[in-house]
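Start at 1 with the first residue, then count along the sequence.
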Amino acid sequence: MIELNFENQKVNIDKGELVSYTVDGYEYIHQKGSPGWRSSDTEMFPIIGPTADAKFQVQTPRDIAIQDQHGFLREMEYDVVSKTDTEVVLEKKYTARTRIKNSKFPNKSNKEWLFWTYDFGFKKTFSLSDNGLGVKFTVSGERDMPFMLGYHPAFKLYSDGPVVVAGEKEITLQEIIDVGSRALQVPECSEIYLKDQKELRIRTEGFGNFMLWTEVPNMVCIEPITFYPYAVEQTKLHEGFEYLKDTDREFKVFISAM
């Protein structure tokens with residue numbers, strides 16, 4: 001377990017997963033073991049969305065890749081690059097066509113092994129400051145590598161009527177639940193407020209969109225995404241790709257208590 005501290009803020013990270021973020025002892029992150037989701041945060045990379053109806057095949061410019069829902073990055077382990085009292089840098093590296101064991105096999109998937117058709121590096125940086133908790137993602141790799149990126153944190157809820165505010169729109173928890181497993185799309189949005197017992201601000205750079213998901217009243221996932229995958233058929237998921245250029249791409253999420 002990695003612990004970061006800054007004044008009244010504390011973060012716990014377990015194998016790259018944000019399992020706790022407290023401000024003055026108040027917990028903002030969904031706790032494992034509570035109803036709703038078995039995790040508290042993860043990444044969706046190099047694709048977002050389900051692939052079963054496409055036989056787990058994703059078209060890339062180079063060839064067909066085999067990917068399960070939300071990609072296979074979560075199946076890989078992070079290495080710690082550096083750490084201070086207020087910041088930790090984590091990294092995963094992948095070599096094209098290396099087979100990665102699928103934890104969903106055989107109970108939830110018929111694909112035992114997954115692979116991507118490009119080399120890539122992926123860094124995840126947590127940092128605490130006066131501005132709150134920053135989470136930065138750095139994608140590196142071959143020029144023209146296609147990818148999507150989504151961040152999937154889950155937030156703990158306390159009140160009977162929490163509301164998500166995006167611009168001038170207020171979204172109730174019931175509206176999110178009613179959408180079901182597809183997740184509620186919040187397009188062209190870089191800032192969201194979660195109004196619960198206390199208020200939380202989630203601001204992003206590089207993503208451009210959100211989607212919201214929960215099936216229970218005690219948590220909600222507020223997910224920055226580069227592409228909403230349910231906008232296309234699973235066989236056309238490649239239409240949502242971004243492409244690396246000559247430099248690394250950075251995506252940022254800022255989480256701050258109000």
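Distance check, rounded to the nearest 0.5 Å: CD1 of Ile255 to CG of Leu128 gives 10.5 Å. Here Tyr151 contributes atom OH and Glu223 contributes atom CD; the two are 11.0 Å apart, rounded to the nearest 0.5 Å.
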Checklist line | Residue pair Asp246, Arg143: steps toward the salt bridge (Lys or Arg N to Asp or Glu O under 4.0 Å) verdict | finding: CA-CA 6 Å; Asp246 291 324; Arg143 181 181 171 82; 3.0 Å; yes

Checklist line | Worked verdict on Lys101 versus Glu112 for salt bridge (Lys or Arg N to Asp or Glu O under 4.0 Å) | finding: CA-CA 6 Å; Lys101 182 76 171 181; Glu112 184 176 3; 2.6 Å; yes

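Side-chain N or O atoms of Lys136 include none that pairs as donor or acceptor with a backbone N or O of Thr125 at under 3.5 Å. For Glu91 (side chain) and Val80 (main-chain N/O), no donor-acceptor pair under 3.5 Å exists by modelled atom type. A side-chain donor-acceptor contact under 3.5 Å links Arg62 to the backbone of Thr117. A side-chain donor-acceptor contact under 3.5 Å links Glu175 to the backbone of Thr172. A donor-acceptor distance shorter than 3.5 angstrom exists from the side chain of Lys124 to the backbone of Gly16, with no hydrogens or angles considered. Judged by distance alone, the side chain of Thr84 and the main-chain N or O of Glu87 form a donor-acceptor pair under 3.5 Å. Looking at Glu17, its side chain does come within 3.5 Å of a backbone N or O of Ser40 through a donor-acceptor pair. Side chain of Asp196 to main chain of Pro162: no donor-acceptor pair is present (N/O by atom type, distance under 3.5 Å, no hydrogens or angles). A donor-acceptor contact shorter than 3.5 Å is absent between the side chain of Asn12 and the backbone of Tyr21. Although no hydrogens or angles enter the test, the distance criterion places no donor-acceptor pair under 3.5 Å between the side chain of Arg203 and the main chain of Ile192.
Side-chain contact between Ile171 and Val186 is present, with heavy atoms from C-beta onward closer than 4.5 Å. Taking 4.5 Å as the limit, every side-chain heavy atom of Lys83 sits out of range of all side-chain heavy atoms of Glu3. Put simply, the side chain of Val232 reaches to within 4.5 Å of the side chain of Phe227, judged on heavy atoms. A heavy-atom distance below 4.5 Å is not found between the side chains of Ile100 and Phe115. Proximity of Leu194 to Val165: side-chain heavy atoms (C-beta onward) are nowhere separated by under 4.5 Å. In this structure, Tyr94 and Met76 have side chains that are in contact, with non-hydrogen atoms separated by less than 4.5 Å.
Surrounding CD of Gln174 are more than 12 heavy atoms belonging to other residues, nucleotides or ligands, all under 6.0 Å away. For NZ of Lys55, the number of neighbouring non-hydrogen atoms (other residues, nucleotides, ligands) closer than 6.0 Å is 12 at most. The local environment of NZ in Lys104 is crowded, with over 12 non-hydrogen atoms from other residues, nucleotides or ligands closer than 6.0 Å. Heavy atoms of other residues, nucleotides or ligands lying less than 6.0 angstrom from NZ of Lys92 number more than 12.
No cation-pi contact links Lys156 to Tyr28, judged by a cut-off of 6.0 Å to the six-membered ring centre and 45° from its axis.
Using a 4.0 Å cut-off between charged nitrogen and carboxylate oxygen, Asp119 and Lys93 do not count as a salt-bridge pair.
Ring geometry, Tyr243 versus Phe241: the interplanar angle exceeds 60°, so the pair is classed perpendicular (tilted spans 30 to 60°). Ring planes of Phe137 and Phe207: perpendicular class, angle over 60° (limits at 30 and 60°). Ring geometry, Trp37 versus Trp213: the interplanar angle exceeds 60°, so the pair is classed perpendicular (tilted spans 30 to 60°). The aromatic rings of Phe45 and Phe122 sit tilted relative to each other, their planes meeting at an angle between 30° and 60°.
Listed here is the closest heavy atom pair of His30 and Pro35: CE1-O, 3.3 Å. Closest heavy-atom contact between Ser109 and Asn102: OG-ND2, 3.3 Å. Residues Asn131 and Ser256 approach most closely at O-CB, 3.3 Å, considering heavy atoms.
Linking ILVMFWY residues whenever their side-chain heavy atoms come closer than 4.5 Å, directly or via other members, places Tyr158 and Leu200 in the same cluster. In this structure, Met258 is a member of the same hydrophobic cluster as Val163, with clusters built from ILVMFWY side-chain heavy atoms closer than 4.5 Å.
Side chains of Asp85 and Asn5: a donor-acceptor N/O pair is absent below 3.5 angstrom, by distance only.
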